[in-house]
Amino acid sequence: MGTAEQVNQVRGFQPFIEIMDSTLRDGEQTSNVSFLPHEKLMIARMLLRDLNVDRIEVASARVSDGEKEAVKMICRYAQQINRLKSIEVLGFVDGHVSVDWVKDAGCLTLNLLAKGSLKHCKEQLRKSPEEHIIDIKEVVNYAKSQGIGVNLYLEDWSGGMKESPQYVYQLMDALIDSPIQRFMLPDTLGIMNPLQVIEYFRKMNKRYPDAHFDFHAHNDYDLAVSNSLAAALCGVSGLHVTVNGLGERCGNAPLSSVQVILKDQFNAKTSINEEKLNDISRLVESYSGIAIAPNQPIIGDNVFTQVAGIHADGDNKAGLYHNALVPERFGRRREYAMGKTSGRANIARNLQELGLELTPEQTQRVTKRITELGDRKEVVTQDDLPYIVSDVLKHDVAEEKVKLVSYQVSLAYGLKPLANVKVDVNGVQYEGHSSGDGQYDAFVKALRKIYKEYLDRTFPLLDNYAVSIPPGGRTDALVQTVITWRMDDGRQMRTRGLDADQTEAAIKATIKMLNMIEN
């Protein structure tokens, strides 16, 4: 019997799992991360419109005027697309204050933060369980009178189930018949393992079979994903995630990982549009300033890149190294990186994708050169391959049809940079000039003008621009500029340039892109 069949026979397993994304609330508690109001709106738009996340937690009440303005903007947008009930704000057991804040922001749902362990109740609130229950009921009833729905967080529920389960039951017994939509059970300190999750959820389900339970995992032991899936096994109705696993300390369960494991391993259903997982990850990476690890499952730069030659050989023959995580599923494509372990099969695969036909002897010579570069820690991409072929074989496989004849960029205080550019395209020289927001921007705009006015051709859009020290390099050595271009048909092309000067490196990458198009 397969894993999915076994899972579906587990008592209480829910075939549909509601996904609540907390990137804009819990994710913003990541150290050094703070989203501007318009950034929050852009992330919320993509989460709701493109990914189709069921619910999003967008802020904490009472934080600041800027936070309230961000919530208002998100709620106005959500109302336009009939998703206002999907917007949630964290609030506190503070009488009318959080409820009024949420209502004034235009939101309809309060995620009320109560204490899920006796230790937190007594030592942080300095109250008895009975007093805390009275305070919770007061907020819940007031929220109902104001037309605000309530979900209840039991903060440190995992600690409560470990050390004071009778307190958890006392709280639940008193509140189970209240107008609370969801009981949200967090592993606040990230202390649980999957076996404990299963044990505690089975106890909760047995005692409260009709309750809607969410699980909110933290990743202190690198178990947030595993614990989330253990909760799904036990009939949890909703899981909390963040984009890229952002969150306090070690973060929360990453949306992308939870989604694909639910679907592939458990045959569970969600509302998530997987094709947009990579897009939302890049957007949040940009706004948060927290880089995605290259080997991060699903969304990392390297996860659909094969390097070993034996893998490329197996893929060429029968797709032997493919699994259900095909890159096209996430709006990406498989790549075969080239280095000292690549082998001829890997090189041949890249040559085939570029439409370059070489003899076995020529392929061997190119492979040898790439191996030499790999030994020196040089990065070799498919975009570099035509130039390596040209250099090694001394023929016109990658003829330089676009040549930079000359250029001049000027920078003066208080004035926009200017650029004068002369290029040779297929033997004809053209000249253009333009201003820009920076020296490279002025250069590109001058090129765009040449392509539009003289060649009547479109110029690819610059999709991403990254500058770094090349692998193995030193801070006083070359600068590596990697530019991602988007073509008219939606395809992406990535080129890189190396130089001691950042602008010159970017210009080299640009001319390289134009030659790739011409060839």
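What's counted below: heavy atoms across the whole structure, side chains too, no hydrogens, waters or symmetry copies.
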Heavy-atom side-chain contact between L48 and S86 under 4.5 Å: yes
Return yes if some donor-acceptor pair links the side-chain N/O of T23 with the main-chain N/O of V243 below 3.5 Å, else return no. yes
Scan side-chain atoms only and decide if H216 and D187 contain a donor-acceptor pair under the 3.5 Å cut-off. no
Can you see whether E504 engages Y407 through a side-chain donor-acceptor pair at a distance of less than 3.5 angstrom? yes
Any Lys/Arg nitrogen of D488 or R457 sitting under 4.0 Å from an Asp/Glu carboxylate oxygen of the other? no
Please check this pair: side chain of S286 against backbone of R282, looking for a donor-acceptor N/O pair closer than 3.5 Å. no
Any salt bridge linking K416 with D437? Criterion: basic side-chain nitrogen under 4.0 Å from a carboxylate oxygen. yes
Distance in Å, N111 CG paired with E88 CD, rounded so as to fall on 0.5 Å steps: 4.5 Å
Applying side chain to side chain donor-acceptor pair (under 3.5 Å), run through Y440 and T510 and close with a yes or a no. CA-CA 10 Å; Y440 176 66; T510 305; 2.6 Å; yes
Among residues at least two apart in sequence or on other chains, which ones pass ring-ring contact (aromatic ring centres under 6.0 Å, His included) with F35? none
So OH of Y287 and CD of E28: to nearest 0.5 Å the spacing works out to 13.5 Å
Walk me through whether I483 and T481 qualify under side-chain contact (heavy atoms from CB on, under 4.5 Å). CA-CA 6 Å; I483 305 178; T481 302; 3.9 Å; yes
Who are the side-chain contact (heavy atoms from CB on, under 4.5 Å) partners of K85, not counting sequence neighbours? L108
Is the closest basic N to carboxylate O distance between D50 and K276 below 4.0 Å? no
Keeping the roles fixed (side chain from N219, backbone from A224), state whether a donor-acceptor pair exists under 3.5 Å. yes
Is it the case that the side chains of S60 and E67 hold a donor-acceptor pair, with the cut-off being a distance below 3.5 Å and no angle test? no
Do Q362 side-chain atoms and T359 backbone N/O form a donor-acceptor pair below 3.5 Å? yes
Restricting to side-chain contact (heavy atoms from CB on, under 4.5 Å), what partner residues turn up for Y454, sequence neighbours left out? Y430, I450
Under a 3.5 Å distance rule, please check whether R448 uses its side chain to pair with a backbone N or O of P460 as donor and acceptor. yes
